[in-house]
Amino acid sequence: MDPSGPSPFLADDDAGSTPDTMQFVRAPAAVHRQRPPTLRVVAGADLMLHVSLFPGDVVVIGRDPQAGLRLPHGSVSKRHLEVSVGLDGAVRARDLGSTNGTAVNHQPFAQGALHSGDLIVIGEVELRLEHLPAEEVERLRRLHQRLAQADRDALTGLLTRAWLNDELEGLADRAEAQGAPLSCIYVDIDHFKRVNDTHGHAVGDVVITTVARILLMTVREGDPCVRYGGEELVVFLPQAGPAAAAEIAERVRARIEAHAWERTAPGLLVTASFGVSTRRVHEPTAAWRERADQALYAAKRGGRNRVQTAP
């Protein structure tokens, strides 16, 4: 499966290409106190792919396995764009004769300076240049490491349903022993069958993957995120009571709704519904999860694209 979905563009050097679903980029140099200029993908299934640059760095972006930032998308040339940082910290870029071109802030781009906040479109992949704190860059790197672990769902990179059988009881027991709250959020993509019927299953896969990325980037780093069913996800929130869990769910909901889904497929709009529950003292985990599931169905009955907290 091509994780980027179908594309009307195909670079002329793409014959026989079968890109991987994930690509690791190099970790930032150790102990940098500055905010390094960072290019990261901001839409689609490649969300979270990024590269940070430091003075003297020259990075090629493209589909080539040796690229400093590899973008596994059919609209991207093998060597598409070169980005460099001068010793003064200035960022410059030049298109390397790509098939489908480069645009910066919606204008065709051949070469020149890049500035913080610029939107760079490479083929059909959308990136933004940001000066991120070094700790945020490190967090993105650790998220990529988690996505590649052996116990992860092959499509989304989330934990598999087996985690519920192997680890959930222990998590619940630890929270109860500490007298700490433990909440869960069930997430279900609205009208997902319609997405598949209208745009195809490849786009449906991209939607699930992108929603999973948004979830991972919104919750805390250690919060377990599980692919529970086809388009249903669940996240567990240690130390979070009902109000905090509902706030997190609302933040995820808003980010899904605001995501640039048009970059995945023209006319695509995606929302999700959420059910939240906080475990009661001595409550069986199955009953606790069932309350979250019922809250999710109440959110769907109430019009979808909303958060419902279990009583």
Could you measure the distance from the [atom1] atom of [X] to the [atom2] atom of [Y]? Nearest 0.5 Å is fine.
X      : Y      : atom1 : atom2 : value
Leu69  : Asp64  : CG    : CG    : 12.0 Å
Asp118 : Arg128 : CG    : CZ    : 8.5 Å
Phe274 : Lys300 : CZ    : NZ    : 10.0 Å
His115 : Asn105 : NE2   : CG    : 10.0 Å
Glu221 : Asp223 : CD    : CG    : 10.0 Å
Glu82  : Thr102 : CD    : OG1   : 12.0 Å

Please confirm whether the backbone N or O of [Y] pairs with a side-chain atom of [X], one donor and one acceptor, at under 3.5 Å?
X      : Y      : result
Ser273 : Leu296 : no
Glu262 : Gly267 : yes
Arg291 : Pro311 : yes
Arg70  : Arg63  : yes
Arg279 : Glu283 : yes
Arg289 : Cys184 : no
Ser52  : Pro36  : no
Glu232 : Gly229 : no
Arg255 : Ala258 : no
Asp57  : Ser84  : no

Could you check whether any side-chain heavy atom of [X] comes within less than 4.5 Å of a side-chain heavy atom of [Y], counting everything from C-beta outward?
X      : Y      : answer
Ser98  : Leu81  : no
Trp163 : Leu171 : yes
Thr285 : Phe236 : no
Val207 : Leu268 : yes
Leu233 : Cys225 : no
Asn100 : Ser77  : no
Trp261 : Ile256 : yes
Leu168 : Pro224 : no

Report the C-alpha distance between Glu231 and Val211 in whole Å, list the side-chain angles of each, state the deciding distance to 0.1 Å, and finish with yes or no for side chain to side chain contact (heavy atoms under 4.5 Å, CB included).
CA-CA 9 Å; Glu231 71 275 15; Val211 168; over 6 Å; no
Per the side-chain contact (heavy atoms from CB on, under 4.5 Å) rule, which among Leu155, Leu158, Val195 passes with Ile208?
Leu155
Looking only at non-hydrogen atoms, find the nearest pair between [X] and [Y] and report the distance.
X      : Y      : value
Thr38  : His50  : CG2-CB, 4.2 Å
Val59  : Gly68  : CG1-CA, 3.8 Å
Ala295 : Val276 : CB-N, 4.0 Å
Ile214 : Val252 : CG2-O, 4.4 Å
Val76  : Gly62  : CG1-CA, 3.7 Å
Val85  : Phe54  : CB-O, 3.6 Å

Just do the side chain to side chain contact (heavy atoms under 4.5 Å, CB included) check on Leu114 and Phe109 with the steps written out, would you?
CA-CA 10 Å; Leu114 297 179; Phe109 179 87; 4.3 Å; yes
Side chains of Thr271 and Asp190: any donor to acceptor distance under 3.5 Å?
yes
Short N-O contact, Glu136 and Arg35, less than 4.0 angstrom:
no
If Ile, Leu, Val, Met, Phe, Trp and Tyr residues are connected whenever their side-chain heavy atoms lie under 4.5 Å apart, and connections chain through other members, are [X] and [Y] in the same group?
X      : Y      : result
Val104 : Leu53  : yes
Leu96  : Leu127 : no
Val60  : Leu49  : no
Val42  : Val125 : no
Val91  : Leu39  : yes

Partners passing ring pair (Phe, Tyr, Trp, His ring centres under 6.0 Å) against Tyr228 (at least two apart in sequence or in another chain)
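Applying ring pair (Phe, Tyr, Trp, His ring centres under 6.0 Å) to Tyr228 gives Tyr186.
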Restricting to pairs with a member in residues 77-102, which pass ring-ring contact (aromatic ring centres under 6.0 Å, His included), not counting sequence neighbours?
none
